[in-house]
Amino acid sequence: MIPKRAIGWVLGVIAALLVLTNQREVGLARDEIVYMQNGMRYADWWIGLFTFDHGVGREHITKTFGGKGATDNNREHPPLVKTLSGLSHHVLHDKLGVDEVTAFRVPSALLHGLLVALVYAMTLSIWGFAEALVAALFVLFLPRAVFHASLVAFDAPVTTMWFLTVFAYWRSLDACARGAKWPWQPGVAFGLLLATKHNALLLPFAIVAHFLYASRKRILEHWRIAVSFLVLGPVAFVVVWPWMWFDTVGHITDWLKFHMNHVHYNFEYLGENWNAPPFPWHVAVVTTLFTVPVVTLASALAGVVAWLRCRVALPHRTRAPGLLLALSAAASFVPFLLGSTPIFGAEKHWMPALPSLCIAAGVGLVWAARGLATYVRWRGVVPLVATVTIAAAVVETATAQPYALTWYNALAGGAPGGADLGMNRQFWGVAARGVLPVIATQAPATGTRLVYSHDASPAWGFYQKLGLVPRSLPDAGQEQHGIDRSQIAIVIHEKHFRRHDFMIWKAYGTVQPVFVLRAAGVPIVSVYLRPMQSSARP
Amino acid sequence: MPDPESDARPARGWLAALFAVALVGIAIWEIVAIRRARATPDEDWAVAARLVRERYQPGDLIVFAPDWADPIGRLHLGDLIPIEYAARMDMARFARIWELSIRGARAPGLNAAPAETLVAGGVTIRRHEQTPANVAADLRTRLSSVRVEGGRRPTLELAEVGFEPHRCIQVIPDAGKPVRLTFPSLPAGRLVGYAGLADVFTRRDIRRPGRLIVEVDGRAVTEVTPGVDDGWVPFATDIPGGAVTFVASADAPSRQICFAAEVRR
């Protein structure tokens, strides 16, 4: 019999394996390439440091982690995930022969597994085994979260690090009450969160509000927690980011300025293309309603009702766990109601709200099922209700992959319903991977054929390295110049990318693609052949 | 799955039970709904394309609805859609229009009862008939004769305006300096046109509108002020025969004003 505490880790391993399996079908995201390249350099620097190949000279650090330009060496994003990916590549690919993309993506998958385990652990410690199991399964079967965790990117990891900080803080409230002297964990976790992604800066709003409430009569017990955040947080952040080792204030200012003045990318929402504020206040609300399984949302609603009705009976009431989870979700979510915060990443930008939602769902589902059990008087009611409900989340998750950015839940009507509603189709060029087998059939026997690879351009070299595109089909270059030179062209369908179709029509003299990749019938990538060259239609 | 005996706490009666029943119902609905949420299969499109090809006449326009299905439609029937038709000013010129739609969608501007309706699985084919506009002059074909004052010569472009393709005359006036385009000797009739701002990225970065004024004998007879979110904005006015001047202006630089116009009788 597996001890109840260990089940969370088992679920975590399953979650990581699920992501690692899924990522094999997920194309390379435009930004992923940047993070991989920089991650390898960061990892080499750390390896060099620990093998005494070099020291901590300012020039060497700048060459690897910084530079004069705002995006030199990707210094606009903290290094933790990139460094872990680079180290993973070094060990798993270079030393152990794991395929290159998987090696880069392992840390994100493991962190997603950790999230599942942490959600289980916190729910178990507050509500109980059934709630913990269901909450963890709801996290495991979040279609978009599985997708984002399948990439070398910051959004899944920051969700984990955010929740790790929340959990560590919550545990430290109890630890202090039990006389533990120095709660180092929340500070270190917060520092690592800061080193993951800049939306970390939103969490203190939740922590401070909760701290003021939970510690209002125990400030003498809890003051060390504040010190942990204020001292160890910045220390951990700076330690893992060598670019902060000198001119720290200037570099932090540059980092924050970049995101305060971030360009607004194009994003489709309810049929309109948005690229400048003010954005509709309801983007985050509607997007969440359409990108989380309906059963998870409904269970979370039950959880809120259960919490409101049962909170008096809760253990740990003085530590206000429900309030903490609500504040955590709100801190992540509320900025997107303001109309000025960029919306181009949609749900991935407020993913740290999802653990709270899934815990509410776990609590709500079990509360509801136990309520039914009091009428039915059959011990199988709770497992049955949980199984059927979670099955719906499983089906949604399976349906969504590998083009989960095109997927919307049953409430939206799936991918076609999302398209009807004018919800964003995709971003980052990930779906291009699906047309590579079609393009590969056009490889010439001799010489080369140039391919206008559109938003997959940054990934093209990597696809060739992986053998998914023959070397005889090189990338033609950018925009109209690249199209004019090309014999094959692709368009990744997003509303603002329609102009790429038109540029190709102009150059190729036809509006007819030769292949249209679809997800549940919804077009995601079109392939064109220059008519003189199209001897064989795929 | 969860052990009902563990951590047992008293649940709260009917409301909880109601939620449980609802959750099971929602779950079953969700499983069925998401598995069935698939757009029209390719076989239906292939049948629809065959039906249209059997009835197609040169000069027919083919359109698709909803707009996101457009790439699928062009995959099957794109060889019957000249670029000029895809990048049309509007649909008034066409006597016969084939509308292929899925999921109950309708193409904008085709709300009248069709002359013929066919069904190919999930694809509904409607043939619309109308009296085509009698076009006496298409200004896009007269660009070589235009007289330009105050700025660079306009170009004929296949541009993205409002995320749609349009063959249009593009003018980029300097900020605060109107460009005057005079078309000599246009026939008398109703001048019908559309104007908009090309290129999504300049629309994002420069938020101020453009302006297009139509002048006859030095007097403004109509004008449009297309903004960044306005798309392809129509205008119309009656003109006597002779010279007609289009004055394009903007307060901001790099404003790509694109317009098309026809004189119709």
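Just so it is clear: chains get the letters A, B, ... in the order the sequence lines come, proteins before strands, and each one is counted from 1.
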Practice item. Count the heavy-atom pairs under 4.5 Å between each of A/Val385, A/Val388, A/Val295 and chain B, then report the option with the highest count. Key: A/Val295
Practice item. Would you mind telling me which of A/Trp407, A/Phe502, A/Tyr408 has the largest number of heavy-atom pairs within less than 4.5 Å of chain B? Key: A/Phe502
Exercise for review: Below 4.5 Å from any heavy atom of chain A, which atoms of B/Asp70 appear? Answer side chain, backbone, both or neither.
Suggested key: side chain
Check your understanding: If you tally heavy-atom pairs under 4.5 Å against chain A, which of B/Val228, B/Asp42, B/Asp229 wins?
Key -> B/Asp42
Check your understanding: In Å, rounded to the nearest 0.5 Å, how long is the span from CE of A/Met423 to CH2 of B/Trp68?
Key -> 15.0 Å
Review point. Hey, is CZ on A/Arg5 packed in by over 12 heavy atoms from elsewhere, all under 6.0 Å?
Key: no
Review point. Can you tell me how far the CD atom of A/Gln512 sits from the CD1 atom of B/Ile83, to the nearest 0.5 Å?
Key: 12.0 Å
Revision key, fill the gap. Counting heavy-atom pairs under 4.5 Å with chain B, the top scorer among A/Asn273, A/Thr389, A/Val491 is A/Asn273
**Study point:** Among A/Val516, A/Val511, A/Thr510, A/Leu365, residue most engaged with chain B (heavy-atom pairs, under 4.5 Å)
**Key:** A/Val511
Check your understanding: Once you round to the nearest 0.5 Å, how far does CH2 of B/Trp29 lie from CG of A/Leu411?
Key -> 5.5 Å
Check your understanding: Is a donor on one side and an acceptor on the other found under 3.5 Å between the side chain of B/Glu30 and the backbone of A/Ala392?
Key -> no
Revision key, fill the gap. Shortest non-hydrogen pair, A/Ala298 vs B/Leu23, comes out as CB-CD2, 3.6 Å
Practice item. Flag the one option from B/Pro66, B/Ala198, B/Gly78, B/Ala87 with the top tally of heavy-atom pairs under 4.5 Å to chain A. Key: B/Gly78
Review point. Is it the side chain or the backbone of B/Phe201 that comes within 4.5 Å of chain A heavy atoms, both, or neither?
Key: side chain
**Study point:** Under 4.5 Å from a heavy atom of chain A, the part of B/Pro71 involved
**Key:** both
Check your understanding: When only pairs under 4.5 Å are counted, which of A/Met503, A/Lys506, A/His493, A/Glu396 shares the most heavy-atom pairs with chain B?
Key -> A/Glu396
**Study point:** Leading residue by heavy atom contact count with chain A [cutoff under 4.5 Å; candidates B/Ile28, B/Leu158, B/Thr40]
**Key:** B/Leu158
Practice item. Specify which of A/Gly521, A/Pro416, A/Ala520 makes the most heavy-atom pairs with chain B at under 4.5 Å. Key: A/Pro416
Check your understanding: chain B heavy atoms under 4.5 Å from A/Ala419: which part of the residue, side chain, backbone, both or neither?
Key -> both
**Study point:** Top contributor to chain A contacts, counting heavy-atom pairs under 4.5 Å, from B/Val200, B/Leu80, B/Asp205, B/Val32
**Key:** B/Val200
Study note, to complete from the structure: Honestly, the part of A/Asp420 sitting under 4.5 Å from a heavy atom of chain B is both
Point to revise | Toward chain B, the part of A/Ser526 with a non-hydrogen atom under 4.5 Å | key: side chain
Point to revise | chain A contact via B/Leu18 - which portion, at a heavy-atom distance below 4.5 Å | key: neither
Review point. Given that the side chain runs from C-beta out, which part of A/Tyr508 has a heavy atom under 4.5 Å from chain B: side chain, backbone, both or neither?
Key: neither
Practice item. Of all the heavy-atom pairs spanning B/Phe19 and A/Ala302, show the shortest one and how long it is. Key: CD2-CB, 3.5 Å
Study note, to complete from the structure: Applying a strict 4.5 Å limit to non-hydrogen atoms, the region of B/Arg103 in contact with chain A is side chain
Study note, to complete from the structure: The interface call for B/Glu157 against chain A, heavy-atom contacts under 4.5 Å, is side chain
Exercise for review: Could you check which of B/Ala33, B/Pro165, B/Ala27, B/Pro41 has the highest count of heavy-atom pairs closer than 4.5 Å to chain A?
Suggested key: B/Pro165
**Study point:** Residue B/Arg207 versus chain A: region with a heavy atom under 4.5 Å
**Key:** side chain
Point to revise | Atom group of A/Val305 that falls short of 4.5 Å from chain B, counting heavy atoms | key: side chain
Check your understanding: Hey, does B/Phe163 have a side-chain heavy atom less than 4.5 Å from the side chain of A/Glu268?
Key -> no
Practice item. Step through the shown structure and confirm whether more than 12 heavy atoms of other residues, nucleotides or ligands are within 6.0 Å of CZ on B/Arg36. Key: no
Check your understanding: Which pair of non-hydrogen atoms, one from A/Ala368 and one from B/Ala20, has the smallest distance, and what is that distance?
Key -> O-CB, 3.3 Å
Check your understanding: Quick check: does any side chain N or O of A/Arg498 sit under 3.5 Å from a backbone N or O of B/Glu160, one acting as donor and the other as acceptor?
Key -> no
